[in-house]
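As structure tokens, the structure follows; a few thoughts come after it.
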Amino acid sequence: MTDSVAALGPLAVVALVAAIAVLRPSWTFPLVIVAAPLRLPVFPEVELATLALVGAAAGRLPAIVATLAKQPGLTAATLALPLWFLLSAVWARQATFVLPAAARWLTVWLAFALAASDDTLSPRRVVQAALVSMVPSAAWAFAERLRLVAPLGDERILRNRAIDLVFMVRGRALFWHPNRLAEFAEQIGLLLVGIGLGGTARSLCGAGVLVAMLGVWATDSKAGMATMIGGTLVVTAWLRMSTAARRRAALGGAAALVAAALGVAYWAFVAHGGVGTRWIVYRYAWSLFVEHPVLGMGGGNWALAIGSAPLGVSRFWFRSHAHSLPLQLAVEVGLVGVALAGLLFVAPLWVAWRRLPSTAEAWRGVAHGAIAGVLGLLGHNLVHYFLRDAADGIVTGLLLGLAVGASARRDAATVAVRDVAVPAAG
């Protein structure tokens, strides 16, 4: 009876959010993105944000189905990786590890589908939702770094996780680890960079970008700081050259910004001491990949392999992931999985990129910012792995869908010209 009652809590959250999505569709995107950083132990088996996503998707199911049906190629390209993870149970060393890994990638896809089908958004609402989701966590982490707020948790565990280092606290707010907060803040921050440079809510976006930078600094993630600062410089450089009229005049300044971004990345690499002990784990991961190059050893089976690895470093930092997105995928789902992951990320961004010339001016910045947020995360994840829990992939999926959905918006004048062009010629 107790277990049955406990199971009703998650179902109630899903049902409540589904009802909100039906009655107030414009609330779905803000609800899901604001829930993403709320890593509260409300339910032991599933994150609150994941339940909110499932409920929102259930309430918006007709819109999602209609949107995906119009783009079958994009739907197949983005859904292939989660399905491949599920299929890997056939050859996995331990099949029981596969389902949780596949569920995490399905969460990314579901968030993508929800955002891509959301026709209720406005650019300003995107800004507001992004700020409400990111600012409290970034500010909290900043206060932790300055020791204005004590980090939550047992002191011994905080030191083992390299959060409280005696001489410095690495801010994390409600996130399990500072690196997860850095990945979250950098994605939201780069989204706001693109929107602000696109001309929407510039003051709000500027303030949000500043808070995101302070939040990433508070985590002491060198890769996060390189992504946030370098990404801001690169996006600024690109948008300064985004029209032919400004390209020649902006070339020198843009080149300087790109050079500065590369300098920031180099500084981060040196300040971090290179990749440190990651090289040892990377070599081991590569040896596992060589053993099973095409299919991999099965989704989620990295934890099984690292448990018996003959390594000279602590497995604490590597037991859940290899600290590299490409290597993690290569080990678990092989070359086929790496290729399908490329489709999952590249297909939505390519669709958005192709549409940008005809995208409504107010939405161009949103599309640019969403693309920048995803690319920034992928750059960071050359030396990290973002998807330890299902909730970690929600913002990334939302940005992929937002890039597709925003780039599909058209000005009324553009639509009118397109609709009457053929009859007029006739």
Side-chain angles (χ1 to χ4, degrees), residues 4-70 75 78 103-104 106-137 173-175 184 187-188 191-192 195 200-201 204 208 363 366 370 373 389-406 408-409:
S4 299
V5 172
L8 292 177
L11 291 176
V13 173
V14 171
L16 175 62
V17 177
I20 293 173
V22 171
L23 299 173
R24 293 287 187 272
S26 61
W27 293 10
T28 53
F29 180 89
L31 266 177
V32 173
I33 197 170
V34 169
L38 300 181
R39 309 304 176 91
L40 300 169
V42 179
F43 307 109
E45 300 297 331
V46 63
E47 294 277 3
L48 188 64
T50 308
L51 295 174
L53 172 64
V54 172
R60 294 285 292 163
L61 188 59
I64 291 174
V65 171
T67 300
L68 297 180
K70 294 176 184 176
T75 302
T78 52
R104 290 193 287 271
L106 278 169
T107 302
V108 176
W109 181 84
L110 190 60
F112 154 76
L114 178 68
S117 62
D118 195 332
D119 56 0
T120 69
L121 286 173
S122 67
R124 184 168 289 273
R125 182 173 290 135
V126 173
V127 172
Q128 293 166 346
L131 288 172
V132 173
S133 71
M134 183 271 299
V135 168
S137 293
L174 292 174
F175 288 77
F184 172 75
Q187 290 180 89
I188 301 295
L191 171 65
L192 294 173
I195 297 175
T200 298
L204 283 176
W363 284 97
V366 178
D389 294 321
D392 295 327
I394 289 176
V395 170
T396 307
L398 291 177
L399 292 185
L400 285 168
L402 190 59
V404 171
R409 306 297 179 97

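We number each residue from 1, following the sequence as shown.
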Roughly how far apart are [X] [atom1] and [Y] [atom2], rounded to 0.5 Å?
X    : Y    : atom1 : atom2 : value
L61  : L114 : CG    : CG    : 11.0 Å
S133 : Q187 : OG    : CD    : 10.5 Å
L402 : I195 : CG    : CD1   : 7.0 Å

Minimum heavy-atom distance between [X] and [Y], given as atom pair plus value:
X    : Y    : value
L131 : G208 : CD2-CA, 3.5 Å
L191 : A130 : CD2-CB, 4.2 Å
L38  : V34  : CG-O, 3.7 Å
R409 : W363 : NH1-CZ2, 3.1 Å
S117 : T67  : CB-OG1, 3.2 Å
A370 : A403 : CB-N, 3.7 Å

Side-chain touch [X]/[Y], heavy atoms, less than 4.5 angstrom:
X    : Y    : answer
T200 : V366 : no
L51  : V17  : no
V126 : I33  : no
L53  : E47  : no

Pair up each side-chain donor or acceptor in residues 22-31 with any protein partner under 3.5 Å, not counting sequence neighbours, and list the distances.
from	atom 1	to	atom 2	distance (Å)
T28	OG1	P25	O	2.8

Item checked: side chain to side chain contact (heavy atoms under 4.5 Å, CB included) between V42 and V13, intermediate numbers included -> CA-CA 11 Å; V42 179; V13 173; over 6 Å; no
For residues 106-113, which side-chain donor-acceptor pairs fall under 3.5 Å, sequence neighbours excluded?
from	atom 1	to	atom 2	distance (Å)
T107	OG1	A103	O	2.8
W109	NE1	T78	OG1	3.1

[X] side chain vs [Y] backbone, donor-acceptor pair below 3.5 Å:
X    : Y    : answer
R39  : A36  : yes
S137 : A173 : no
R104 : D392 : no

Checklist line | Any pair counted as side chain to side chain donor-acceptor pair (under 3.5 Å), so long as it reaches residues 48-62, sequence neighbours left out | finding: R60-D119
